[in-house]
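Report on the following structure.
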2 protein chains.
Amino acid sequence: MSAEEIRAAALALFSERTFPVIGMRDIGDAVGLLPGSLYAHISSKEELLADIVTEGITNYLVEFRPFLESRDPAPDRMRGAVKAHVKVLAKTLEQTRVAFHQWRFLGDGAREKVIDLRKQYEDVFLQIYRDGVAEGTFRKARSERIAVLAVIGMLTSASEWYSPEGRLGADEFGEALAEAAVDGLVSTS
Amino acid sequence: MSAEEIRAAALALFSERTFPVIGMRDIGDAVGLLPGSLYAHISSKEELLADIVTEGITNYLVEFRPFLESRDPAPDRMRGAVKAHVKVLAKTLEQTRVAFHQWRFLGDGAREKVIDLRKQYEDVFLQIYRDGVAEGTFRKARSERIAVLAVIGMLTSASEWYSPEGRLGADEFGEALAEAAVDGLVSTS
DNA sequence: CCTACCGATCGGTAGG
DNA sequence: CCTACCGATCGGTAGG
């Protein structure tokens with residue numbers, strides 16, 4: 001038994017039924033240990049969550065880097081970042097569900113670190129959006145904040161309805177979402 | 001004391017800290033009753049949640065009706081529905097947070113009723129989208145489902161970042177979101 | 001609406 | 001990694 005295996009079991013359980021309703025007894029059952037024995041490998045229930053969330057968000061930041069640094073036109077970079085998001089989502093669906101929706105259950109210290117990571121995540125989209133407005137490729141929206149959070153809301157909500165068994169593969173799913181975010185619904189013909 | 005006052009107190013607490021971590025003792029403290037005394041007015045903790053969620057979603061369905069029945073061009077109807085959503089959101093922010101994010105904590109029976117209401121909510125946007133494609137005003141997306149859920153994801157996520165103290169009033173906020181959903185980010189000039 | 005309490009479950013620990 | 005257990009808290013009830 002390793003801390004890694006325990007984290008994996010906790011991840012699956014948190015994703016399915018949320019942190020507060022999962023007990024150490026559930027996690028113990030999943031790995032074949034008694035609840036008290038878990039503490040030979042991990043230090044607390046909250047630390048399990050903190051590790052899962054931190055890694056879960058960092059997975060996204062890593063994939064965004066090229067699109068943040070690129071000098072391509074902003075709409076291409078925005079589509080690229082959206083597709084990168086979906087790529088990570090497809091690879092880490094359960095962890096994403098925990099990372100983006102359950103960080104609120106962390107205590108004060110760990111929660112602040114996560115809020116910092118989330119800000120880095122949001123700043124990727126904000127930066128690309130601003131570059132597009134400066135270039136003239138993006139509309140100057142009534143509110144920059146709302147324009148960016150709307151796109152991010154689309155992406156984070158996708159973790160609730162993306163399914164690996166869906167008709168579209170991850171790539172096509174990413175294209176469809178990128179289109180929705182960047183081009184909207186209206187016909188341009 | 002009335003069941004209504006207890007529901008209002010529970011609503012505030014659930015919204016702030018989520019259903020499973022709120023105890024009947026917290027609700028009792030909020031209304032000045034001992035936990036056991038609550039059961040003279042309500043029948044269970046879960047019924048509190050079920051009532052809050054059901055009413056919270058129904059508030060939206062009521063406001064959507066005109067835009068579902070209208071024969072205006074679909075982009076106008078879609079913008080109207082988005083603005084109607086924001087109007088209800090501004091009026092029932094806390095209840096919306098509970099209704100759209102915490103229905104999963106309901107037991108099987110109540111959860112199924114809520115899933116039916118959510119489906120009605122989604123069908124409003126699906127219907128307007130389809131009408132727009134038939135009219136030629138909306139692009140035929142790679143996936144109808146994704147196009148619609150992307151818009152809905154924007155809206156439901158807004159309950160996490162809408163603030164009544166924000167720079168924009170509810171009306172302007174609605175316009176900004178309608179623009180993001182219908183027109184996307186790209187400059188059309 | 002209070003008093004008094006129920007059995008169950010919680011995260012976590014001591015000692016081996 | 002188990003045995004055995006800690007104090008705290010949970011939703012809910014009986015009886016008045």
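FYI, side chains are in, hydrogens and waters are out, and symmetry mates aren't considered; it's all heavy atoms of this structure. Proteins come first, then strands; the chains are lettered A, B, ... in the order of their sequence lines, and each starts at number 1.
If you measure from atom NE2 of A:H41 to atom C1' of D:dC1, you get 7 Å, rounded to the nearest angstrom. To the nearest angstrom, P of D:dT3 lies 14 Å from CG of A:L38. In this structure, B:M24 atom CE and C:dC1 atom C1' are separated by 14 Å, rounded to whole Å. B:I27 has its CD1 atom 12 Å from the C1' atom of D:dC10, to the nearest Å. Look at CE on B:M1: it is 6 Å from P on C:dC1, rounded to the nearest Å. Distance, B:L106 CG to D:dG11 P: 15 Å, rounded to whole Å. We find that CZ of B:R25 is positioned 7 Å from P of D:dG11, with the value rounded to whole Å.
The residue among A:A40 and B:K45 whose nearest nucleotide of DNA chain D lies closer to the 5′ end is A:A40. Checking A:D26 against A:S37, the closest nucleotide of DNA chain C that is more toward the 5' end is the one next to A:D26.
Atom CG of A:D116 has more than 12 heavy atoms from other residues, nucleotides or ligands within 6.0 Å.
Using cut-offs of 30° and 60° on the angle between ring planes, the pair B:F100 and B:Y60 is perpendicular. Classification of the B:W161-B:F173 ring pair by plane angle, with boundaries at 30° and 60°, yields tilted.
Looking at A:K119 and A:D123, a side-chain N of the basic residue comes within less than 4.0 Å of a carboxylate O on the acidic one, giving a salt bridge.
At the heavy-atom level, A:I22 lies under 4.0 Å from the strands shown only through sugar-phosphate atoms.
In this structure, C:dG16 and D:dC1 make a Watson-Crick or G-U wobble pair, each of the two defining distances being under 3.5 angstrom.
For D:dT13, neither phosphate oxygen OP1 nor OP2 lies less than 4.0 angstrom from any side-chain nitrogen or oxygen of B:Y39.
Note on B:Y39: it does not cluster hydrophobically with B:L34, by side-chain heavy-atom contacts below 4.5 Å among ILVMFWY residues.
Nearest to the side chain of A:L34, among D:dT3, C:dC10, C:dC2, sits D:dT3. The B:L33 side chain lies nearest to C:dC2 when the options are D:dC2, C:dC2, C:dG12.
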